[in-house]
Amino acid sequence: MLILIKSFEISKMMLKMWQKEMGKLFNTGTKKAIAVLFLLLAVTMGSIIGYSFTGMFLSAFLNGEVRSLGLFVISMFMNASIFTFVFFILFKVRTPEQHSFSMQLSWFPLTAFQRSLGYFIPFAGAVSFLVLFMIFILLIPNFVASGVGFWFAFAFFALLFVQIIFFFSLLNLVYNLVYMLILKFGFPLQKFFSMFVLVVLAVFYGITSFDLGNIQNAYSFFDYHLTYFAAPLFLMLNGQASDAGVIPIVLILTAAVTASFMSLNVVPILTEKKSSKLFSFIKIPSSKPLSLAVKEIKSQARNEENILNFIFLLLALCFLKYKFQFGFTGESYLVLGGVTGIIAFNSFGNDLRMMQMYKALHLKTATVLWSKYLGLCMLGLIQLFLFSVLTWTFPESFPVFLKTVAVILNSIAMFYLAGIIFPLDRNNPYMGIFSFGMLLLFLIPLFFIVNYAVDNVTGEALLFFIPCLELLLILLLYGGFKWRYHYDH
């Protein structure tokens, strides 16, 4: 019990750090009101989309079509598992393995298990909350409109939570075991190779085990697929999947969660790292703005999380091109420019410790901001070149290339702005979870709003609308940086 108390104390401290960041972000009533209105808009849009896609399954079930409930439940459990996998990978990539907080805890009489469990609880909680929140928004309007009842909805979401925890535990178990083996054999880049093995295993399992026929008949003959392993517990409550064994399912669910917890013992919090010397051939200029730009290129290119991002994006682009024959031809080439912007997301957070020095050197806010932005844009162009060469994909015309450059500039600005509003901080463990979660909650509805506006604005109005958006982005970027620069320091 003492072990759990110490772990919960660590989790409590981490949650207070997140709460502090929320307090900085929404420190006035106006900001809180804007956030609430924006969240309500996102919930409304998600509800409308969910109602249009899932309503037919519940309607068919209520009208006597038994198979429709099985298809509905299994598809939702599969979606929850896929979302869990995506968030697990994204948060692991965005979260540093070492930070000041873990180094401080290493001086206290805590075991590796206590520290790991203290980090694990908010990590698992954040992923579970995001997945449940997304599914909740998609389904609750249908549940209310269909009149399925409270206990139906409660049982569904309770067992969906069980599925999320089960799949999260499997991912965490595989990651920790691979990490331990790589560390034992003394290989570098333990985090990257652990993530790589996890992604390869997950993709291989998904491709080899996906069978549409089994999914369609799972309501009567269950096939124990890991992505909807807990589904029969709900289906049996509604008279389906009667051939599934309850006891084996419960035992395996319990064993997976227990094994995941036990694996926390084998992963050390602190491991020795070697510093990267990428771009060491670039000399620091005497000009302060240019030296800041070069420093930004070097620091961001050497950041382990950014290296992981680049490699996983490259793998995803190759997978899309060679597996699904998505050629990135014509306007599709702009996708390569858009994904480079993520390099800017952790820029502000990684540079927090340097802000006092910038002030001591009497550097103006605009100088620091636009020098860093210049460095990020140069790094974005380098990434575009590498993506193009390594996937052997090139723009078909010069106008397409110019559009791609414009996309890079805007993508970097948007991700940099998001990183200013929700900054990553190595002093705050798993701040990446909070930052990326908030980024998703705000950017997804924003994407739909802007896309809708652009589609409905044509002709001369579009020539006026786009410059206004660009000007707004510039003002938000400058205002956000100046606010953080002043508020945090």
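Reckoned from all heavy atoms, side chains included, excluding hydrogens, waters and symmetry mates.
A distance of 9.5 Å separates CG of L471 from CG of L476, quoted to the nearest 0.5 Å. Note that the CG atom of L317 and the CG atom of L390 stand 10.0 Å from one another [nearest 0.5 Å]. M378 CE to I408 CD1: the interatomic distance, rounded to the nearest 0.5 Å, is 11.0 Å. Interatomic distance, L173 CG to F168 CZ, rounded to the nearest 0.5 Å: 12.0 Å. Put simply, CD on Q163 and CE on M78 are 10.0 Å apart, with the number rounded to the nearest 0.5 Å. For the atom pair CD1 (I382) and CZ (F310), the distance works out to 10.5 Å, reported to the nearest 0.5 Å.
Nearest heavy atoms, V178 versus S194: CG1-CA, 3.7 Å. In terms of heavy-atom proximity, I412 sits nearest to G380 at CD1-CA, 4.1 Å. Of all the heavy atoms in L384 and Y333, the pair that sits closest is CD1-OH, 3.7 Å. V131 and F83 make their closest contact through CG2-CB, 3.9 Å (heavy atoms, listed as atom of the first residue, atom of the second, distance). Between I307 and A301, the shortest heavy-atom distance links the atoms CG1-O, 3.6 Å. When all heavy atoms of G375 and I297 are compared, the pair lying nearest together is O-CG1, 3.3 Å.
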- Before giving the answer on side chain to side chain contact (heavy atoms under 4.5 Å, CB included), spell out for F385 and L381 the whole-Å C-alpha distance, their side-chain angles and the decisive distance to 0.1 Å. CA-CA 6 Å; F385 173 76; L381 290 172; over 6 Å; no
- Kindly determine whether L336 and S388 satisfy side chain to side chain contact (heavy atoms under 4.5 Å, CB included), including the steps that lead there. CA-CA 8 Å; L336 297 183; S388 299; 4.3 Å; yes
- Going through the checks in order, is the side chain to side chain contact (heavy atoms under 4.5 Å, CB included) test met by Q383 and I343? CA-CA 9 Å; Q383 281 196 109; I343 191 74; 3.5 Å; yes
- Message: Assess the residue pair I165 and F161 against the criterion (side chain to side chain contact (heavy atoms under 4.5 Å, CB included)); give the C-alpha distance rounded to whole Å, side-chain angles, the decisive distance to 0.1 Å, and a yes or no.
- Response: CA-CA 6 Å; I165 293 298; F161 175 73; 3.7 Å; yes
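Between F348 and F481, some side-chain heavy-atom pair lies under the 4.5 Å cut-off. Residues I342 and N306 have side chains not in contact (no heavy-atom distance under 4.5 Å, counting atoms from C-beta outward). Using a 4.5 Å cut-off on side-chain heavy atoms (C-beta onward), L379 and T340 make no contact. Between F387 and V339, the closest side-chain pair of non-hydrogen atoms falls below 4.5 Å. Put simply, the side chain of I137 reaches to within 4.5 Å of the side chain of F133, judged on heavy atoms. Side-chain atoms of L198 and I89, non-hydrogen and from C-beta on, do get closer than 4.5 Å to each other.
Between F261 and F120, the gap from one ring centroid to the other is short of 6.0 Å.
At a cut-off of 3.5 Å, with distance as the only test, no side-chain donor of S263 or Y175 sits close to an acceptor on the other residue. S347 and Q300 share no side-chain donor-acceptor pair at under 3.5 Å.
In this structure A366 satisfies the side-chain contact (heavy atoms from CB on, under 4.5 Å) test together with W370, Y478, sequence neighbours excluded. Taking the side-chain contact (heavy atoms from CB on, under 4.5 Å) definition, one finds that L181 meets it with nothing, sequence neighbours left out. Scored by the ring-ring contact (aromatic ring centres under 6.0 Å, His included) test, F401 finds no partners at all (sequence neighbours excluded). The side chain to side chain donor-acceptor pair (under 3.5 Å) search around T227 returns H225, not counting sequence neighbours.
The backbone N or O of G125 sits nowhere less than 3.5 Å from a side-chain atom of S128 that would complete a donor-acceptor pair. A donor-acceptor pair is defined here as one N or O able to donate and one able to accept, closer than 3.5 Å; no such pair exists between the side chain of S260 and the backbone of V257. Counting only distance, with no hydrogens or angles, the side chain of S299 and the backbone of E296 share a donor-acceptor pair below 3.5 Å.
For residues 390-412, the set of pairs meeting the salt bridge (Lys or Arg N to Asp or Glu O under 4.0 Å) definition, not counting sequence neighbours, comprises E331-K403. The side chain to side chain donor-acceptor pair (under 3.5 Å) pairs that include a residue from residues 409-421 are N410-E470, where partners are two or more places apart or lie in different chains.
By the 6.0 Å contact criterion, CZ on F394 is enclosed, its count of non-hydrogen atoms from other residues, nucleotides or ligands being greater than 12.
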